[in-house]
Every structure is written in C-alpha cells, then in structure tokens.
**Q** 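After the structure tokens below, expect a handful of questions from me.
Both counts, for ligands and for their atoms, begin at 1 and track the order of listing. Every heavy atom of this structure was used, including side-chain atoms; hydrogens, water molecules and symmetry mates were not.
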Amino acid sequence: MEVKNNLKGVKDTLISSHCELIAVSKTQPIELIQEAYNAGQRLFGENKAQEMASKHAALPKDIQWHMIGHLQTNKVKYIAPFVDLIHSIDSVKLLIEVDKQAKKANRKINCLLQVYIAHEETKFGFDPAEVIELLNSNALSEFLNVEIIGLMGMASFTEDQQQIKSEFNVLNALFTQLKTLSLPANVHMKELSMGMSSDYKIAMEAGSTLVRVGTAIFGARNY
Ligand SMILES: *Cc1c(COP(=O)(O)O)cnc(C)c1O
C-alpha cells in the first residue's frame, strides 16, 4: 500500500512534465517490486548486473529493466539478452563489450553516455569535452549493435540546491548542443537521464526526460 501511494505521489509531481519515471529497485525484494508493478509501474532501475538478471527471471516479462550503476565489462553478458537501456556507459571499453554482447544476443542495446557533472572525485563518466570528441571521432559508428540515445548524469551530493541546479543545467546545455550537431547514424539525442529522490524536481525543471527514483518510492534501502 505504501509503495503504491508513494508511486502515485511521485507520478503526480511529474504529471505535467516530459519525464518518465524509473523506479529504482536495487536491493529491494521481489515482493515490493511486484507491488509497484501491480500499481502499473513498468520501468525499473538496478545497479548490479546479477541482481537485475535474477529479478528479470523472477518477475513479469513486460518489465523494462534499466541499468543505472557502474557496469563492469565482465558483467555485461548477464544483462545483454534483455536490458532495455544502459544509462551508465562511462568508457569506450565498456561500449565495445556492450556491442559484442548485444551482437551475441542478436539485438541492439540502447545506451546513454554518462557525463561527469558533479564537483566530486568519485563519480564515473566522460567529461563534456570528451563526449563531444567521441561523437566527432566517428568511433561510435563502428558499434553496429549499440544505439546511443542520450546522456545521463548525477549531481553532487550536497544540500546546495543552486549547485545541483547549475550542474543539471550544464548537462542540459550539452544535450541541447549535441542535438544541433551532425551525429553518427546510431546516435540520437532523445533522452536526458537526471534526477533522484532528493533532486528529481530540480532535474525535471532542468529538462530531464528520465528520473531515477528509489527511496521516495520504496523507502530507505537495507544494505
Ligand atoms: C540508487 C540510485 C538512484 C536512486 O537513488 P534514490 O536516492 O534512492 O532515489 C538513482 N540513480 C543512480 C545512479 C543510483 O545508483
């Protein structure tokens, strides 16, 4: 009941925006995910490949699974057959492996490039100049089983709303700029993934199309 109400609360907040909601279910048990599913939720986000694969096996097949956490190359194989979108492409090495595993699974995998926008040392991703360089380099057109459909970013872990807002604005500006460039055939700037429980309203106002919300739906995680 709580999950259903929380979900409704978040959805009501997003109602007049262009944002889709990804329910971040990492560490949460099957029963709670099923509860969100029963309330109509179909997009779920996980940050560990094997956990996602076992939940995929146990739950209804019309769920779209989004990988949102740092993905090691040796784990790509667990999710390649079914993953709907990988938000966390943070290196060309990872992209090479995703392309290879997608080919093995005889499908194309949608991906976002993770961009480093936070003023912190710990976050993964490309910096904005590297993204532009990568898109200009033609390297991406070699990946026949990968579609790059946008960007993802995480703001700094801070109470400073102004700083969070300006980091999201930086990412949105890059997204908007890239839309005007002539991009490789398998690159389309459609999705901008930003915003979590603590900052999704700011992200929504800054142009996010995909918000990734866990705690505000499922409550605090027990690690
Ligand atoms: C865990 C996680 C989220 C969701 O965080 P909440 O604060 O629980 O909403 C969003 N994005 C990423 C990349 C995460 O790892």
**Q** Linking Ile, Leu, Val, Met, Phe, Trp and Tyr by side-chain heavy atoms under 4.5 Å, what else ends up with L144?
**A**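 Other cluster members: none.
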
**Q** Please tabulate, one line per pair, the protein N or O atoms found under 3.5 Å from any N or O atom of ligand 1, giving the distance to one decimal.
**A**
| residue | atom | partner | partner atom | Å |
| --- | --- | --- | --- | --- |
| ligand 1 | 8 (O) | T215 | N | 2.8 |
| ligand 1 | 8 (O) | T215 | OG1 | 2.5 |
| ligand 1 | 8 (O) | R221 | NH1 | 2.8 |
| ligand 1 | 8 (O) | R221 | NH2 | 3.1 |
| ligand 1 | 9 (O) | S197 | N | 2.9 |
| ligand 1 | 9 (O) | S197 | OG | 2.5 |
| ligand 1 | 9 (O) | G214 | N | 2.8 |
| ligand 1 | 11 (N) | R212 | NE | 2.9 |
| ligand 1 | 15 (O) | K26 | NZ | 2.7 |

**Q** For K8, is there an ion pair with D12 - N to carboxylate O distance below 4.0 angstrom?
**A** yes

**Q** Check F44 against Y37 and note the closest heavy-atom contact, atom names and distance.
**A** CZ-N, 4.0 Å

**Q** Residues in side-chain hydrogen bond (donor to acceptor under 3.5 Å, both in side chains) with E46, at least two apart?
**A**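 For E46, the residues satisfying side-chain hydrogen bond (donor to acceptor under 3.5 Å, both in side chains) (neighbours in sequence not counted) are S25, K55.
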
**Q** Looking at residues at least two apart in the chain, or sitting in another chain, which of them share a side-chain hydrogen bond (donor to acceptor under 3.5 Å, both in side chains) with K190?
**A** none

**Q** Ignoring hydrogens and geometry beyond distance, is a side-chain donor-acceptor pair present between T209 and E191 at under 3.5 Å?
**A**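 Yes - a donor-acceptor pair under 3.5 Å links their side chains.
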
